[in-house]
Novice: 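Please read through the structure below; I'll follow up with questions.
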Amino acid sequence: MVEEENGGVDPRLQAIKAAIRVVPHFPKPGIMFNDITTLLLRPKVFKDAVEIFVDRYRDMNISAVAGVEARGFIFGTPLALALGAKFVPLRKPKKLPGEVISESYVLEYGTDSLEMHLGSVNRGERVIVIDDLVATGGTLCAAIKLLGMVYLEPCTHNVSNYLCLSLECI
Ligand SMILES: O=P(O)(O)OC[C@H]1O[C@H](OP(=O)(O)OP(=O)(O)O)[C@H](O)[C@@H]1O
Ligand SMILES: Nc1ncnc2[nH]cnc12
């Protein structure tokens, strides 16, 4: 939940939470699948979900929004446009035609990798990583590691000096 500075809870969150359909046992037994497609059918709620992030990161000198394929693209592109930042797709393997760096990770239901075009983010940039959901955190870790590679030398000292890496759940 996103708490406001006065300690209250953002009133938009209740509608956002209610708009996400939870499907038990999809795509396999034991998984409670949080389906954001139902939220996308409600333009006002979808807009609120994006605006919460826009409000939070406005005036924070964010130069890039890195969206995780596929659902991170849905929330990441409007966020990037609203912040006046570039959009960097973190894609599943073998989708990007240029030179890439890649990182593998474990999911609740399998393994996968993320790839990013070399040169799409440069040292010194402030980057938001966005996705729809954190489950094991494996995808988020892989995304952070990918961006960390850009910062390989300074990163051995202190990542937070160089990057604003942020991912939140809606
Ligand atoms: O925290 P984790 O355990 O890593 O899981 C979260 C990830 O899983 C989902 O994506 P998925 O890999 O299902 O791909 P999709 O967005 O292409 O459907 C979700 O959109 C996150 O990216
Ligand atoms: N529980 C979940 N709901 C939706 N997407 C997911 N990706 C990984 N785990 C998920």
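For the single chain, residues carry numbers from 1 onward in sequence order. Just so it is clear, the values below take in all heavy atoms, side chains as well, and ignore hydrogens, waters and symmetry mates. We count ligands from 1, going down the list as the structure has it; atoms in each ligand are counted the same way.
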Novice: Given that the side chain starts at C-beta and the backbone is N, CA, C, O, which of these parts of Leu133 lies under 4.0 Å from ligand 2, counting heavy atoms, or is it both or neither?
Specialist: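 Contact part for Leu133 vs ligand 2: side chain (C-beta onward).
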Novice: Taking the side chain as C-beta and beyond, is there a heavy-atom pair between Ile16 and Ile52 under 4.5 Å?
Specialist: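 Yes, at least one pair of side-chain atoms sits under 4.5 Å.
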Novice: Check each heavy atom of Thr139 against ligand 1 and say whether those closer than 4.0 Å belong to the side chain, the backbone, both or neither.
Specialist: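 Both of them.
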Novice: Calculate, to the nearest 0.5 Å, the distance between atoms CZ and NE2 belonging to Arg91 and His117 respectively.
Specialist: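 Output value for this atom pair is 9.5 Å.
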Novice: Give yes if a backbone or side-chain nitrogen or oxygen of Asp112 is under 3.5 Å from a nitrogen or oxygen of ligand 1, and no if not.
Specialist: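 No, there is no polar N/O contact under 3.5 Å.
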Novice: Arg71 to ligand 1: N or O pair under 3.5 Å?
Specialist: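 N/O-N/O distance under 3.5 Å: yes.
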Novice: Test of understanding: with ring-ring contact (aromatic ring centres under 6.0 Å, His included), list the residues that count as partners of Phe73, not counting sequence neighbours.
Specialist: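 Counting only residues at least two positions away or on another chain, Phe73 forms a ring-ring contact (aromatic ring centres under 6.0 Å, His included) with Phe87.
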Novice: Counting only heavy atoms, which portion of Lys92 has something under 4.0 Å from ligand 1: side chain, backbone, both, or neither?
Specialist: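 Just the side chain.
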Novice: Only distances under 3.5 Å count here; give the side-chain donor-acceptor pairs of residues 133-150 to other protein atoms, sequence neighbours excluded, each with its distance to 0.1 Å.
Specialist:
{"residue": "Thr136", "atom": "OG1", "partner": "Gly138", "partner atom": "N", "Å": "3.1"}

Novice: Can you find a heavy atom in the side chain of Asp112 that is under 4.5 Å from one in the side chain of Tyr105?
Specialist: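 With C-beta onward as the side chain, the pair touches.
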Novice: Would you check if Ser63 and Leu83 make a side-chain contact, meaning some heavy-atom pair closer than 4.5 Å?
Specialist: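 Result no, sub-4.5 Å side-chain heavy-atom pair not found.
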Novice: Does a side-chain heavy-atom distance below 4.5 Å link Ile36 with Phe75?
Specialist: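 Yes - at least one pair of side-chain heavy atoms lies under 4.5 Å apart.
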Novice: At the 4.0 Å heavy-atom cut-off, does Asp132 count as touching ligand 1?
Specialist: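 Yes, that is the case, since the closest heavy atom of the residue is under 4.0 Å from the ligand.
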Novice: Is there a polar contact, in the sense of an N or O pair closer than 3.5 Å, between Met32 and ligand 2?
Specialist: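 Indeed, backbone or side chain, Met32 has an N or O that close.
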Novice: Could you list the atoms of ligand 2 found under 4.0 angstrom from a heavy atom of Ala135?
Specialist: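 Once the distances to Ala135 are compared, the set is 8 (C), 9 (N).
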Novice: For a side chain to side chain contact (heavy atoms under 4.5 Å, CB included) check, start with the C-alpha distance between Glu115 and Lys95, then their side-chain angles and the critical distance, and finish with the verdict.
Specialist: CA-CA 8 Å; Glu115 296 188 341; Lys95 300 284 186 183; over 6 Å; no
Novice: Should Val106 be counted as touching ligand 1, given the test is an N or O pair under 3.5 Å?
Specialist: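 No; the residue has no nitrogen or oxygen that sits under 3.5 Å from a nitrogen or oxygen of the ligand.
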Novice: So, does Leu133 sit close enough to ligand 1 that a heavy atom of it is under 4.0 Å from the ligand?
Specialist: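 Contact check Leu133 vs ligand 1: positive.
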Novice: For ligand 1, which atoms have a heavy atom of Val134 less than 4.0 angstrom away?
Specialist: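 Matching atoms, with element in brackets: 1 (O).
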Novice: Which of the numbered atoms in ligand 1 are under 4.0 angstrom from any heavy atom belonging to Glu69?
Specialist: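 Answer for ligand 1: 16 (O), 17 (O).
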Novice: Below 4.0 angstrom, N of the basic side chain to O of the carboxylate: do Asp55 and Arg12 qualify?
Specialist: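 Between Arg12 and Asp55 there is a salt bridge, with a charged N closer than 4.0 Å to a carboxylate O.
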Novice: Please could you name the atoms of ligand 2 that Arg71 approaches to less than 4.0 Å, counting only its heavy atoms?
Specialist: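 So the atoms of ligand 2 that pass are 4 (C), 5 (N).
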Novice: Answer side chain, backbone, both or neither: which part of Thr136 comes under 4.0 Å from ligand 1, heavy atoms only.
Specialist: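 Answer for Thr136: both.
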